[in-house]
Amino acid sequence: MAGKQELFKNAQINVDMQQVEVTALGEADARNLIRAEMVTREGITIDPPLDIEEENRVHTACGVNGSSPLAITVVCGVLRHILKDQKQKPKWSLERREKYFDDLRSKVAGSTDDFKELQDVMRVSFGYLPNPELKAAFLKLHLFPDHFSLAHAARVLGQGELRTEELLGELIDFRLLTWDQERNEYLILDHVWVFAARAAENDGGVAAGQPADDTKIDLSRKEFADATRRLIELALEDPQLAPVNQADIKTLPRLVRSALWRAKKCSSIELDEDEDPEYSTVQFRSLGCGPLEEKNSSMNPSNSRYSGPWRILYPAQIDEPLRSAAQRLRSTRDPTLRFARD
(Lines give C-alpha, C1' and ligand atoms only; values in the text may rest on other atoms or scores of the structure.)
Protein backbone atom coordinates (compact mmCIF):
# COMPACT_ATOMS: atom_id res chain seq x y z
CA MET A 1 0.00 0.00 0.00
CA ALA A 2 3.05 2.25 -0.19
CA GLY A 3 2.28 5.59 -1.70
CA LYS A 4 -1.47 5.08 -1.75
CA GLN A 5 -2.31 8.10 0.37
CA GLU A 6 0.01 10.31 -1.67
CA LEU A 7 -1.67 9.11 -4.83
CA PHE A 8 -5.24 9.72 -3.84
CA LYS A 9 -5.19 12.89 -1.79
CA ASN A 10 -4.28 16.39 -2.91
CA ALA A 11 -5.68 15.73 -6.36
CA GLN A 12 -5.81 19.49 -6.66
CA ILE A 13 -4.39 22.13 -4.35
CA ASN A 14 -5.80 25.60 -4.64
CA VAL A 15 -3.84 28.79 -4.11
CA ASP A 16 -5.22 29.03 -0.59
CA MET A 17 -3.79 25.53 0.09
CA GLN A 18 -7.15 23.81 0.51
CA GLN A 19 -6.95 20.08 -0.22
CA VAL A 20 -9.40 18.01 -2.20
CA GLU A 21 -9.52 14.42 -0.99
CA VAL A 22 -9.98 11.72 -3.64
CA THR A 23 -10.00 8.08 -2.53
CA ALA A 24 -9.16 4.91 -4.43
CA LEU A 25 -12.12 3.34 -6.21
CA GLY A 26 -13.38 -0.19 -5.75
CA GLU A 27 -14.47 -2.26 -8.73
CA ALA A 28 -18.09 -1.08 -8.86
CA ASP A 29 -17.23 2.61 -8.54
CA ALA A 30 -14.39 2.27 -11.03
CA ARG A 31 -16.74 0.68 -13.55
CA ASN A 32 -19.28 3.47 -13.08
CA LEU A 33 -16.60 6.11 -13.65
CA ILE A 34 -15.34 4.32 -16.77
CA ARG A 35 -18.83 4.29 -18.25
CA ALA A 36 -19.45 7.93 -17.33
CA GLU A 37 -16.19 8.90 -19.04
CA MET A 38 -17.08 7.25 -22.33
CA VAL A 39 -19.03 10.31 -23.45
CA THR A 40 -17.55 12.96 -25.77
CA ARG A 41 -17.44 16.68 -25.07
CA GLU A 42 -20.42 17.05 -27.41
CA GLY A 43 -22.45 14.66 -25.22
CA ILE A 44 -22.24 11.70 -27.60
CA THR A 45 -21.95 8.31 -25.89
CA ILE A 46 -19.34 6.01 -27.43
CA ASP A 47 -21.23 3.30 -29.28
CA PRO A 48 -20.66 0.42 -29.14
CA PRO A 49 -19.31 0.88 -25.60
CA LEU A 50 -16.46 -0.97 -23.94
CA ASP A 51 -17.37 -4.55 -23.08
CA ILE A 52 -16.98 -6.00 -19.59
CA GLU A 53 -13.56 -7.47 -20.34
CA GLU A 54 -12.27 -4.10 -21.60
CA GLU A 55 -13.66 -2.33 -18.54
CA ASN A 56 -11.78 -4.86 -16.41
CA ARG A 57 -8.57 -4.11 -18.33
CA VAL A 58 -8.99 -0.39 -17.63
CA HIS A 59 -9.72 -1.07 -13.97
CA THR A 60 -6.67 -3.34 -13.66
CA ALA A 61 -4.31 -0.89 -15.38
CA CYS A 62 -5.32 1.97 -13.11
CA GLY A 63 -4.12 0.70 -9.74
CA VAL A 64 -3.48 -2.56 -7.93
CA ASN A 65 -4.43 -0.94 -4.62
CA GLY A 66 -7.75 0.32 -5.93
CA SER A 67 -8.24 2.27 -9.12
CA SER A 68 -6.99 5.83 -9.38
CA PRO A 69 -9.77 8.14 -10.59
CA LEU A 70 -7.19 10.30 -12.35
CA ALA A 71 -5.68 7.31 -14.15
CA ILE A 72 -9.13 6.15 -15.26
CA THR A 73 -9.99 9.55 -16.73
CA VAL A 74 -6.69 9.69 -18.63
CA VAL A 75 -7.10 6.16 -20.01
CA CYS A 76 -10.70 6.86 -20.99
CA GLY A 77 -9.58 10.06 -22.70
CA VAL A 78 -7.36 8.00 -25.01
CA LEU A 79 -10.09 5.41 -25.56
CA ARG A 80 -12.65 8.10 -26.44
CA HIS A 81 -10.27 9.42 -29.09
CA ILE A 82 -9.71 5.93 -30.52
CA LEU A 83 -13.35 4.85 -30.45
CA LYS A 84 -15.19 8.02 -31.47
CA ASP A 85 -14.81 7.16 -35.17
CA GLN A 86 -14.95 3.37 -34.82
CA LYS A 87 -17.84 3.06 -37.26
CA GLN A 88 -16.06 5.13 -39.92
CA LYS A 89 -12.63 3.56 -39.30
CA PRO A 90 -13.35 0.13 -37.80
CA LYS A 91 -10.03 -1.51 -38.70
CA TRP A 92 -7.90 1.40 -37.42
CA SER A 93 -10.01 1.71 -34.29
CA LEU A 94 -9.83 -2.02 -33.46
CA GLU A 95 -6.08 -2.23 -34.02
CA ARG A 96 -5.42 0.95 -32.07
CA ARG A 97 -7.50 -0.05 -29.04
CA GLU A 98 -5.86 -3.49 -28.88
CA LYS A 99 -2.40 -1.95 -29.06
CA TYR A 100 -3.28 0.54 -26.31
CA PHE A 101 -4.57 -2.19 -24.02
CA ASP A 102 -1.46 -4.27 -24.75
CA ASP A 103 0.78 -1.30 -23.97
CA LEU A 104 -1.01 -0.70 -20.67
CA ARG A 105 -0.63 -4.35 -19.74
CA SER A 106 3.06 -4.60 -20.66
CA LYS A 107 4.37 -1.14 -19.73
CA VAL A 108 2.45 -0.16 -16.60
CA ALA A 109 4.29 -1.30 -13.49
CA GLY A 110 1.52 -3.29 -11.81
CA SER A 111 3.42 -2.92 -8.54
CA THR A 112 2.52 -1.59 -5.12
CA ASP A 113 4.15 1.73 -6.00
CA ASP A 114 1.04 3.71 -6.91
CA PHE A 115 2.96 6.83 -7.85
CA LYS A 116 5.12 5.03 -10.40
CA GLU A 117 2.12 3.14 -11.72
CA LEU A 118 0.22 6.33 -12.43
CA GLN A 119 3.27 7.90 -14.08
CA ASP A 120 3.53 4.79 -16.28
CA VAL A 121 -0.13 5.20 -17.28
CA MET A 122 0.66 8.80 -18.17
CA ARG A 123 3.72 7.81 -20.21
CA VAL A 124 1.84 5.18 -22.24
CA SER A 125 -1.18 7.42 -22.77
CA PHE A 126 0.94 10.41 -23.83
CA GLY A 127 2.16 8.36 -26.79
CA TYR A 128 -1.40 8.20 -28.10
CA LEU A 129 -1.89 11.95 -28.44
CA PRO A 130 -2.69 12.40 -32.13
CA ASN A 131 0.03 14.79 -33.28
CA PRO A 132 3.37 16.38 -32.31
CA GLU A 133 1.83 19.86 -31.98
CA LEU A 134 -0.51 18.73 -29.21
CA LYS A 135 2.27 16.83 -27.42
CA ALA A 136 4.60 19.83 -27.51
CA ALA A 137 1.85 22.19 -26.32
CA PHE A 138 1.11 19.95 -23.34
CA LEU A 139 4.76 19.78 -22.33
CA LYS A 140 5.22 23.55 -22.61
CA LEU A 141 2.20 24.24 -20.40
CA HIS A 142 3.98 22.79 -17.36
CA LEU A 143 5.90 26.10 -17.30
CA PHE A 144 2.86 27.53 -15.52
CA PRO A 145 3.19 26.82 -11.78
CA ASP A 146 -0.58 26.75 -11.23
CA HIS A 147 -3.67 28.33 -12.87
CA PHE A 148 -3.30 30.17 -16.18
CA SER A 149 -5.52 32.05 -18.60
CA LEU A 150 -6.13 31.51 -22.30
CA ALA A 151 -4.21 34.70 -23.10
CA HIS A 152 -1.20 33.60 -21.07
CA ALA A 153 -1.26 30.13 -22.62
CA ALA A 154 -1.34 31.64 -26.11
CA ARG A 155 1.65 33.80 -25.22
CA VAL A 156 3.76 30.91 -23.93
CA LEU A 157 2.77 28.58 -26.79
CA GLY A 158 3.44 31.27 -29.38
CA GLN A 159 0.00 30.74 -30.96
CA GLY A 160 -3.06 32.86 -31.58
CA GLU A 161 -5.82 32.56 -29.01
CA LEU A 162 -8.16 30.71 -31.41
CA ARG A 163 -5.65 27.93 -32.10
CA THR A 164 -4.59 27.87 -28.45
CA GLU A 165 -8.19 27.39 -27.34
CA GLU A 166 -8.49 24.45 -29.74
CA LEU A 167 -5.35 22.85 -28.34
CA LEU A 168 -6.45 23.37 -24.74
CA GLY A 169 -9.84 21.87 -25.57
CA GLU A 170 -8.15 18.76 -26.97
CA LEU A 171 -6.02 18.42 -23.83
CA ILE A 172 -9.16 18.68 -21.70
CA ASP A 173 -10.68 15.90 -23.82
CA PHE A 174 -7.66 13.74 -23.00
CA ARG A 175 -8.03 14.75 -19.31
CA LEU A 176 -4.53 16.19 -19.28
CA LEU A 177 -5.87 19.65 -18.48
CA THR A 178 -8.64 20.90 -16.22
CA TRP A 179 -10.92 23.92 -16.54
CA ASP A 180 -11.53 25.60 -13.18
CA GLN A 181 -14.99 27.14 -13.50
CA GLU A 182 -14.70 29.11 -10.27
CA ARG A 183 -11.60 30.95 -11.49
CA ASN A 184 -12.30 30.79 -15.24
CA GLU A 185 -8.77 29.49 -15.73
CA TYR A 186 -6.96 26.32 -16.71
CA LEU A 187 -4.94 24.05 -14.42
CA ILE A 188 -2.79 20.94 -14.83
CA LEU A 189 -3.38 18.62 -11.87
CA ASP A 190 -0.41 17.57 -9.79
CA HIS A 191 0.36 14.07 -11.05
CA VAL A 192 -0.14 15.16 -14.65
CA TRP A 193 2.08 18.20 -14.07
CA VAL A 194 4.86 16.00 -12.66
CA PHE A 195 4.82 13.84 -15.79
CA ALA A 196 4.87 16.87 -18.10
CA ALA A 197 7.64 18.57 -16.12
CA ARG A 198 9.84 15.48 -16.15
CA ALA A 199 9.27 14.82 -19.84
CA ALA A 200 10.02 18.42 -20.79
CA GLU A 201 12.87 19.19 -18.40
CA ASN A 202 14.68 15.95 -17.64
CA ASP A 203 16.60 16.42 -20.88
CA GLY A 204 13.32 15.27 -22.35
CA GLY A 205 13.45 16.99 -25.71
CA VAL A 206 14.70 15.29 -28.84
CA ALA A 207 18.08 16.79 -29.69
CA ALA A 208 19.16 17.04 -33.32
CA GLY A 209 20.29 13.70 -34.67
CA GLN A 210 19.13 11.71 -31.64
CA PRO A 211 16.40 9.07 -31.82
CA ALA A 212 13.23 9.60 -29.79
CA ASP A 213 12.63 7.31 -26.82
CA ASP A 214 10.64 7.35 -23.59
CA THR A 215 12.87 10.01 -22.05
CA LYS A 216 13.08 12.24 -25.13
CA ILE A 217 9.52 13.14 -25.92
CA ASP A 218 8.49 15.49 -28.70
CA LEU A 219 9.90 18.78 -27.48
CA SER A 220 13.16 20.07 -28.88
CA ARG A 221 15.45 22.11 -26.67
CA LYS A 222 14.93 25.03 -29.07
CA GLU A 223 11.16 24.86 -28.61
CA PHE A 224 11.57 24.62 -24.85
CA ALA A 225 13.99 27.55 -24.76
CA ASP A 226 11.61 29.66 -26.85
CA ALA A 227 8.67 28.83 -24.56
CA THR A 228 10.79 29.69 -21.51
CA ARG A 229 11.71 33.03 -23.09
CA ARG A 230 8.05 33.79 -23.78
CA LEU A 231 7.17 33.00 -20.15
CA ILE A 232 9.89 35.38 -18.94
CA GLU A 233 8.71 38.08 -21.36
CA LEU A 234 5.16 37.59 -20.13
CA ALA A 235 6.33 38.19 -16.56
CA LEU A 236 8.17 41.28 -17.77
CA GLU A 237 5.48 42.85 -19.90
CA ASP A 238 2.07 42.05 -18.40
CA PRO A 239 1.30 44.93 -15.99
CA GLN A 240 -1.66 43.03 -14.52
CA LEU A 241 0.65 40.42 -12.97
CA ALA A 242 2.39 42.81 -10.58
CA PRO A 243 3.44 46.47 -10.37
CA VAL A 244 6.82 47.10 -11.97
CA ASN A 245 8.29 48.40 -8.70
CA GLN A 246 7.17 45.36 -6.69
CA ALA A 247 10.40 43.47 -6.02
CA ASP A 248 9.74 41.46 -2.84
CA ILE A 249 9.93 37.90 -4.18
CA LYS A 250 7.54 36.44 -1.61
CA THR A 251 4.77 38.86 -2.59
CA LEU A 252 5.04 38.35 -6.35
CA PRO A 253 2.50 36.19 -8.21
CA ARG A 254 3.60 32.60 -8.67
CA LEU A 255 3.95 33.02 -12.43
CA VAL A 256 6.41 35.88 -11.96
CA ARG A 257 8.32 33.98 -9.27
CA SER A 258 8.55 30.94 -11.54
CA ALA A 259 9.77 33.07 -14.45
CA LEU A 260 12.36 34.73 -12.19
CA TRP A 261 13.56 31.33 -11.00
CA ARG A 262 14.06 30.27 -14.62
CA ALA A 263 15.77 33.55 -15.45
CA LYS A 264 18.27 32.91 -12.66
CA LYS A 265 18.82 29.35 -13.84
CA CYS A 266 19.49 30.66 -17.35
CA SER A 267 22.09 32.95 -15.78
CA SER A 268 23.74 29.96 -14.04
CA ILE A 269 23.10 31.41 -10.59
CA GLU A 270 23.05 29.11 -7.57
CA LEU A 271 19.95 29.81 -5.52
CA ASP A 272 19.71 29.66 -1.75
CA GLU A 273 16.49 28.21 -0.38
CA ASP A 274 15.73 31.44 1.45
CA GLU A 275 15.69 33.48 -1.77
CA ASP A 276 14.55 30.85 -4.27
CA PRO A 277 11.20 32.03 -5.68
CA GLU A 278 10.23 28.42 -6.32
CA TYR A 279 10.87 27.39 -2.71
CA SER A 280 7.11 27.12 -2.15
CA THR A 281 6.82 24.48 -4.88
CA VAL A 282 6.91 21.82 -2.17
CA GLN A 283 3.96 23.40 -0.43
CA PHE A 284 1.97 23.90 -3.65
CA ARG A 285 2.57 20.73 -5.62
CA SER A 286 1.32 17.96 -3.38
CA LEU A 287 4.01 15.50 -4.47
CA GLY A 288 6.93 17.83 -3.80
CA CYS A 289 8.52 17.03 -7.17
CA GLY A 290 9.60 20.48 -8.28
CA PRO A 291 13.08 21.27 -9.63
CA LEU A 292 14.22 22.40 -6.18
CA GLU A 293 13.99 18.86 -4.83
CA GLU A 294 17.31 17.86 -6.38
CA LYS A 295 18.76 19.47 -3.23
CA ASN A 296 16.95 16.90 -1.11
CA SER A 297 19.10 13.81 -0.56
CA SER A 298 16.00 11.62 -0.42
CA MET A 299 15.18 12.55 -4.02
CA ASN A 300 17.74 10.70 -6.09
CA PRO A 301 17.78 8.79 -9.40
CA SER A 302 17.35 5.44 -7.64
CA ASN A 303 14.08 6.65 -6.13
CA SER A 304 11.17 5.77 -8.43
CA ARG A 305 9.45 9.01 -7.46
CA TYR A 306 12.20 11.09 -9.01
CA SER A 307 14.01 11.00 -12.34
CA GLY A 308 16.54 13.75 -11.74
CA PRO A 309 18.53 15.78 -12.11
CA TRP A 310 16.34 18.48 -13.57
CA ARG A 311 18.24 19.94 -16.52
CA ILE A 312 16.47 23.19 -17.28
CA LEU A 313 18.71 24.17 -20.20
CA TYR A 314 22.41 23.80 -20.86
CA PRO A 315 24.42 26.99 -21.55
CA ALA A 316 24.77 26.14 -25.25
CA GLN A 317 20.97 25.93 -25.52
CA ILE A 318 20.42 29.45 -24.16
CA ASP A 319 20.38 31.80 -27.13
CA GLU A 320 20.80 35.56 -26.99
CA PRO A 321 17.05 36.45 -26.94
CA LEU A 322 16.50 34.16 -23.95
CA ARG A 323 19.62 35.39 -22.16
CA SER A 324 18.58 39.00 -22.74
CA ALA A 325 15.03 38.42 -21.47
CA ALA A 326 16.40 36.65 -18.38
CA GLN A 327 18.73 39.54 -17.62
CA ARG A 328 15.95 42.09 -18.06
CA LEU A 329 13.64 40.23 -15.70
CA ARG A 330 16.36 39.88 -13.11
CA SER A 331 17.18 43.58 -13.34
CA THR A 332 13.50 44.34 -12.72
CA ARG A 333 12.56 41.75 -10.10
CA ASP A 334 15.76 40.44 -8.52
CA PRO A 335 16.27 42.43 -5.28
CA THR A 336 19.99 41.62 -5.17
CA LEU A 337 20.51 43.42 -8.48
CA ARG A 338 18.19 46.29 -7.59
CA PHE A 339 20.00 46.90 -4.32
CA ALA A 340 23.35 46.74 -6.08
CA ARG A 341 22.29 49.46 -8.54
CA ASP A 342 20.89 51.63 -5.76
For Ile34, run the side-chain contact (heavy atoms from CB on, under 4.5 Å) check against Asp29, Leu50, Leu25 and tell me which one passes.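 Only one of Asp29, Leu50, Leu25 forms a side-chain contact (heavy atoms from CB on, under 4.5 Å) with Ile34, namely Leu50.
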Would you mind reporting whether [Y] and [X] have side-chain heavy atoms less than 4.5 Å apart?
X	Y	result
Glu42	Lys84	no
Leu176	Ile188	no
Leu141	Leu168	yes

Does the [X] side chain pair with the main chain of [Y], one donor and one acceptor, at a distance under 3.5 Å?
X	Y	answer
Gln86	Pro48	yes
Arg175	Leu70	no
Ser125	Val121	yes
Ser68	Cys62	no
Gln327	Ala263	no

Ion pair present between [X] and [Y], side-chain N to carboxylate O less than 4.0 angstrom?
X	Y	answer
Glu233	Arg230	no
Arg123	Asp103	no
Arg155	Glu237	yes

Can you pull the ring pair (Phe, Tyr, Trp, His ring centres under 6.0 Å) pairs that have at least one residue in residues 57-97, sequence neighbours excluded?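 As it turns out, the ring pair (Phe, Tyr, Trp, His ring centres under 6.0 Å) pairs with a partner in residues 57-97, which skip direct neighbours, are His81-Phe174.
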Considering all heavy atoms of both residues, which atom of [X] and which atom of [Y] are nearest to each other, and what is their separation?
X	Y	answer
Glu185	Ser149	OE2-N, 4.2 Å
Ala196	Phe138	CB-CZ, 3.7 Å
Leu143	Ser258	O-OG, 3.7 Å

Going by distance alone, is a donor N or O of one side chain under 3.5 Å from an acceptor N or O of the other, for Gln159 and Glu166? no
Evaluate side-chain contact (heavy atoms from CB on, under 4.5 Å) for Met38 paired with Leu83, printing each intermediate quantity in order. CA-CA 9 Å; Met38 298 310 293; Leu83 299 179; 4.0 Å; yes
Mind running side-chain contact (heavy atoms from CB on, under 4.5 Å) on Leu187 and Leu189 for me, showing each step along the way? CA-CA 6 Å; Leu187 178 69; Leu189 297 182; 4.1 Å; yes
Please step through salt bridge (charged side-chain N to carboxylate O under 4.0 Å, His left out) for the pair Arg57 and Glu54, ending with a clear verdict. CA-CA 5 Å; Arg57 293 170 80 175; Glu54 289 173 324; 5.7 Å; no
Plane angle bin for His142 and Phe224 - parallel if under 30°, tilted between 30 and 60°, otherwise perpendicular: parallel
How far apart are the C-alpha atoms of Leu79 and Phe101, what are their side-chain angles, what is the distance that settles it, and do they pass the side-chain contact (heavy atoms from CB on, under 4.5 Å) test? CA-CA 10 Å; Leu79 290 172; Phe101 279 127; 4.1 Å; yes
Applying the side-chain hydrogen bond (donor to acceptor under 3.5 Å, both in side chains) test to Glu95, which of Arg97, Lys99, Lys91 qualifies? Lys91
More than 12 heavy atoms of other groups within 6.0 Å of Gln88 CD: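 Yes, CD of Gln88 has more than 12 neighbouring heavy atoms, counting only those of other groups under 6.0 Å.
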Asp319 vs Lys222, side-chain contact (heavy atoms from CB on, under 4.5 Å): CA-CA, chis, key distance, verdict: CA-CA 9 Å; Asp319 58 16; Lys222 178 65 167 64; 4.2 Å; yes
